[in-house]
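Heads up: the structure comes next, in structure tokens.
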Amino acid sequence: MIHYKSNEEIELLRLSSLLVGKTLAEVARHIKPGVTTGSLDQIAETFIRDHHATPAFKGYGGFPASLCVSVNDVVVHGIPGEQVLQEGDLVSVDCGVMMNGYVGDSAYTFAVGEVTPEVKLLMERTKESLYLGIQAAVAGKRVGDIGFEIQNYVEQFGYSVVRDLVGHGVGKSLHEKPEVPNYGRRGTGVKLQPGLVICIEPMINLGTRSVTQDRDGWTIRTSDGKPSAHYEHAIAIRETNTEILSSFEEIEKVLESQH
Ligand code: MG
Ligand code: MG
């Protein structure tokens, strides 16, 4: 069953989503060669708790950390730890918070120092595909319209869309109905109606779409070892427009100040 949100609930979801953006901006300040992924997780957890919220990922299905930190060929669900970031890495950071009973969930992919032009393009185009998906997410259209736009855009570059993991509804729980695949056919799937709040999160691979899971039960990697990028926004479908509840603004301010 899909839970459509009231205006009050959407405002609470916005607050949680914005805290995720602020947390990711705080993480962004510390991403550089030589830092461990575990130290980023510590920074995020402290920041979230300082803002009277709790990390939504920690303990979710047994996940041991506040962030998913996914480096290079890791698509998503990387467990932060001893891994040291190196110049030229790309690192996807996914963050969830629970505040006032509502979950925020958003992700951004960062370059560690200078990445190759090929990787930079993968990042830019994956982010662009997210916004194209959001543009298609308006009341009256269907979930398949979102996936179609994302897939249609990225496949022209020879990239592939991960099929095994998808976006999702979000609310009091991290993962609600409906599933929001990043591939699909126009005019298919669940109809988008006012009050629907979903996370759109394209996971786009430079090579094959095929992925494997590590023995840790979490880490998802590309089968060919090529890099993958991941961006995620939470959005609310309204009668006449669609609102992005999360924000990359503070993250991108930090990134600009680093140049
Ligand atoms: Mg996420
Ligand atoms: Mg998500």
Side-chain angles (χ1 to χ4, degrees), residues 2-3 5 10 13-28 37 40-41 44-45 47-48 53-71 74-80 90-99 102-110 123 126-127 129-131 133-134 137 143 146-147 150 161-183 190 196-204 211 218-220 228-237 242 244-248 250-251:
I2 295 175
H3 178 216
K5 275 76 182 178
I10 289 173
L13 282 161
R14 189 197 312 279
L15 290 177
S16 299
S17 302
L18 290 177
L19 178 57
V20 174
K22 289 196 179 86
T23 308
L24 290 174
E26 185 62 23
V27 169
T37 56
L40 300 177
D41 185 62
E45 178 164 358
F47 190 86
I48 292 165
T54 53
F57 296 173
K58 204 164 194 178
Y60 184 89
F63 191 77
S66 299
L67 297 178
C68 295
V69 184
S70 305
V71 182
V74 178
V75 179
V76 287
H77 300 172
I79 301 173
L90 91 162
V91 55
S92 132
V93 183
D94 195 346
C95 178
V97 308
M98 168 76 88
M99 190 167 64
Y102 287 85
V103 174
D105 180 17
S106 178
Y108 200 91
T109 298
F110 300 90
M123 292 169 61
T126 301
K127 189 166 76 168
S129 78
L130 167 60
Y131 287 108
I134 292 170
V143 162
I146 299 171
I150 293 169
V161 176
V162 173
R163 307 290 179 102
D164 304 61
L165 300 123
V166 295
H168 51 91
V170 66
K172 287 181 173 160
S173 307
L174 176 57
H175 294 125
E176 297 188 355
K177 299 237 177 229
E179 291 195 339
V180 183
N182 300 297
Y183 57 92
V190 169
L196 184 68
V197 178
I198 52 175
C199 289
I200 303 180
E201 50 177 316
M203 290 153 258
I204 307 301
V211 296
W218 286 105
T219 311
I220 304 288
S228 180
H230 176 219
Y231 294 81
E232 175 178 21
H233 269 314
I235 65 164
I237 311 291
T242 292
I244 303 178
L245 302 180
S246 44
S247 173
F248 295 158
E250 304 217 17
I251 299 166

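Counting starts at 1 for both ligands and their atoms, in listed order.
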Worksheet item: Quick one: are the ring centres of Phe248 and His233 less than 6.0 Å apart?
Response: yes
Fill in: Whether Cys199 has an N, O or S atom under 2.8 Å from the Mg ion (ligand 2)
no
Fill in: Atom name of the N, O or S atom in Glu201 that lies nearest to the Mg ion (ligand 2)
OE2
Worksheet item: What's the verdict on side-chain contact (heavy atoms from CB on, under 4.5 Å) for Ile200 and Ile150, showing C-alpha distance, side-chain angles and the deciding distance?
Response: CA-CA 10 Å; Ile200 303 180; Ile150 293 169; 3.8 Å; yes
Response to the item:
Looking at Asp94, the N/O/S atom that lies nearest to the Mg ion (ligand 1) is called OD1
Discussion item. Counting only heavy atoms not in Lys177 (residues, nucleotides, ligands), do more than 12 fall under 6.0 Å from its NZ?
Written reply: no
Worksheet entry | Point-to-point distance, once rounded to the nearest 0.5 Å, from CG of Leu18 to CE of Met99 | 8.0 Å
Discussion item. Rounded to the nearest 10°, what angle sits at the Mg ion (ligand 1) between OD1 of Asp105 and OE1 of Glu232?
Written reply: 100°
